[in-house]
S.K.: 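One structure, pasted below without further comment.
Labels below follow one simple rule: chain letters A, B, ... track the order of the sequence lines, proteins then strands, and each chain is numbered from 1.
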Amino acid sequence: METIFSFIQNLRWQDFIDIVINSYILFRIYVLFQGTTTFRVMMGITGLLFFQQIAVYLGLVVTSWLIQGIMTVAAIIIIVIFQNEIRGVFQATNWKNILWGIPTISRVAPAETIVKTIFELAEKKIGALIVFPGRENLYSVVQRGIPWQGRVSREMLKTIFWHNNPVHDGAIIIEGDRISEVACILPLSERKDLPSHFGTRHRAAAGLAEVSDALIVVVSEERGSVTIVKGATFKTIKRERDLNHYIDMHLGKKKVTGIVRKETFQLSIAALLSIIFIASIWSNFLRRSDTLINMEAPIQFKNRQPGMEVVQVSTNNVQLQISGSTALLRSVSSTKLYVEINLENVNIGENTFNLTSKNIQLPPGITLNQISPSKVDALIDSIVTKDFPVQVDWVGKMPPNLLLSSVQVMPPTVRISGRSLRLKDIKTIYTKRVPIDIVEKSGIIFAGIAVETPLKLASGQNETVKIQYRVSER
Amino acid sequence: MRFIRRIVIGLIAAVAAIGYTGNAGFCDPKEPSPAAGTADKLTVVRAQICEEMNNLQPVNPTAVFSVAKDKAFCFAEIDGIGSSTQIFHNWIRRDNHVAGIKLVVKPPRWSTVSSISLRETDKGPWRVEIADMDGNVLKTLRFSVVD
């Protein structure tokens, strides 16, 4: 249990997305192919994979090699042999259904309407061939159908099978409450034991029933009889009630709620198994620790207080030696690794940080072996404002007969903004150079304030000061 | 010798009687008061940067010195001296400490002076910080050395 919690806690968001995407793909494969032969073959291959892992674990070299060989060709077998079925899945549904749709049987065929119409057709000796698909997909065996997608109604069925209608000769497929395709050509049965009065319609119905789990209803044009075909069984139906019963049984209409509940449960189990399966593969990756690589990671400082600055760092990058499975390390090297240093409780000035695995966010399964250097020195400073007295920087040559007996600067102080460590050693701010040569008598002049970069005058401070001076004769 | 001593005491007493506190106008307008905690509350009564000293009095107080003058003097008159103590005249050029001169002052009031020799490389803005033994700055005087 602790291992599971630890596994979940160490998951990065990338790992989470990775598991979710692949679990969903697996789940969609189940949803799209369930009940088909392809799905059964895929399950078989999965079983082989499981046995191969056991064979490897037990050291059965030849068995393992054989199963691996079978699995290698199995992928080709699926694509080549079941290409029609696979194509059928993708052609029959749009992208929305492929990505999101869940096949349900909530739309149930209006069996009573169909049954009444079938017997009306039989009475008038109008031939009809109606297919009710089961769980298996028919698109690999049914050919050249014309998409119809019309809601089932008495008039619609009669119109389709009316003998002057161009599509009356083929079979129709009823899915839910809709006629999905008309004028379909079904595979003909090769059976020799069929009654002699059975025509092409019956032979086609028998052909489809042999290769699928569909229920086919045939209305004979010559004799006006109604026959249902399923598997290898033919049954002539005399009463509407009986036909209704067989159709309901085939569609499971009387247990719709139970079936929906059962299907929902099955889908939930499938979704859960998909997640477990992918998570198992993912954790299998984690357990392997067969590769060792060196990576350079930049240093990032976090939780900087307002105005705080990292003035100097002993190194900007550190070398990390990490180990794990090759696949995981490849994913790590494609993303960027950072060494994070927390500045939450640091002091202004020189700070030494010891680097450990806590400073690096590594995905689960990756182990940090070494960090070089293991210590980083950083000079941390903050931006402050401070008042300083202003002094005039006189230059030039004072007239020899004069004395500068007093100097007054207004304002006497100026507010400077800059790094605290830099401001610590400053006691006075000077004006720009003021030539003394021009001074002949007492007066007032203005001078700019000389502020060395990166210091600057705080906002609202004048860039010049007024200098009032008094000159006296010697 | 006795005669000179009398003159010094007389001068100090005279200045104290007049209550002169002029500082020649080139010291910082707002100086911190003497630091609390010192036994004596030293007060700088008068302080000046001058070109010469004559009879223990500053001559030609100025804010600008020609480097040709050879010497600059810092005169300071201290009051509130409870017992014999020391003060410092810290001569600083552009925030670089150039000289720290230790001077003895005696109760109750004492005038003292320090000086530095000026050289060609000393041009620029200067200040003299008058500080007590604990390093508390009692007064700052500012001047410039020019051509």
Side-chain angles (χ1 to χ4, degrees), chain A residues 386-414 416 418 422-440 442-445 447 449-452 455 465-474, chain B residues 21-32 46-52 54 58-70 72-73 75 90-98 118 120-131 135-137 139-147:
Chain A
K386 200 173 169 184
D387 289 339
F388 292 96
V390 184
Q391 183 173 348
V392 184
D393 186 6
W394 299 102
V395 292
K397 194 169 177 66
M398 185 78 185
N401 59 324
L402 298 178
L403 279 172
L404 196 66
S405 52
S406 83
V407 177
Q408 194 177 2
V409 180
M410 289 170 285
T413 60
V414 65
I416 298 292
R422 177 82 180 87
L423 291 179
K424 197 176 73 177
D425 298 328
I426 294 175
K427 304 291 180 206
T428 303
I429 295 295
Y430 301 96
T431 65
K432 289 177 181 169
R433 290 181 172 186
V434 180
I436 193 83
D437 317 58
I438 56 167
V439 171
E440 290 175 348
S442 302
I444 292 170
I445 52 171
I449 298 167
V451 184
E452 289 175 22
L455 303 180
V465 288
K466 184 174 154 187
I467 304 163
Q468 190 170 19
Y469 57 92
R470 195 146 54 91
V471 175
S472 58
E473 294 276 344
R474 282 183 188 278
Chain B
T21 55
N23 289 323
F26 41 87
C27 54
D28 281 354
K30 285 182 183 175
E31 284 293 343
R46 185 159 65 117
Q48 284 178 328
I49 301 290
C50 58
E51 290 181 344
E52 291 172 31
N54 188 10
V59 177
N60 293 339
T62 181
V64 171
F65 283 83
S66 169
V67 74
K69 281 290 173 190
D70 292 337
F73 293 85
F75 168 82
N90 293 314
W91 294 74
I92 297 161
R93 180 180 173 272
R94 276 197 189 275
D95 288 336
N96 294 318
H97 192 268
V98 176
L118 299 178
E120 191 65 26
T121 50
D122 291 334
K123 287 178 197 171
W126 283 74
R127 69 176 186 272
V128 179
E129 288 178 353
I130 301 169
N136 301 309
V137 178
K139 179 74 81 182
T140 303
L141 303 168
R142 298 178 186 277
F143 65 98
S144 285
V145 177
V146 296
D147 293 337

S.K.: Return yes when atom CZ of Arg433(A) has more than 12 non-hydrogen atoms of other residues, nucleotides or ligands closer than 6.0 Å, and no otherwise.
M.R.: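 No, because the 6.0 Å sphere around CZ of Arg433(A) holds 12 heavy atoms or fewer from other groups.
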
S.K.: Tell me, do Arg142(B) and Pro389(A) make a side-chain contact under 4.5 Å, heavy atoms counted?
M.R.: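 Result yes, sub-4.5 Å side-chain heavy-atom pair found.
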
S.K.: Report the distance from atom CG of Leu404(A) to atom OG of Ser144(B), rounding to the nearest 0.5 Å.
M.R.: 9.0 Å

S.K.: Any idea which heavy atoms bring Arg94(B) and Tyr430(A) closest together, and the distance?
M.R.: CA-OH, 3.3 Å

S.K.: Return the CD1 to CG distance between Ile436(A) and Asp147(B), rounded to the nearest 0.5 Å.
M.R.: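 CG of Asp147(B) is found 11.0 Å from CD1 of Ile436(A).
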
S.K.: CD1 of Ile92(B) to NZ of Lys427(A): how many Å apart, nearest 0.5 Å?
M.R.: 8.5 Å

S.K.: Kindly give the heavy-atom pair with the smallest separation between Pro125(B) and Asp393(A), and that separation in Å.
M.R.: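 Scanning both residues completely, I find the closest heavy atoms to be CD-OD1, 3.4 Å.
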
S.K.: Closest approach of Asp95(B) and Ile426(A), non-hydrogen atoms and distance?
M.R.: OD2-CA, 3.7 Å

S.K.: Return the OG to CD distance between Ser405(A) and Gln48(B), rounded to the nearest 0.5 Å.
M.R.: 10.0 Å

S.K.: Taking side chain as everything from C-beta outward and backbone as N, CA, C, O, which of these in Asp425(A) sits under 4.5 Å from a heavy atom of chain B? Side chain, backbone, both or neither.
M.R.: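 The backbone, not the side chain.
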
S.K.: Side-chain contact test, heavy atoms from C-beta onward, threshold under 4.5 Å: evaluate it for Arg474(A) versus Glu51(B) and give yes or no.
M.R.: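 Counting from C-beta outward, Arg474(A) and Glu51(B) do come under 4.5 Å.
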
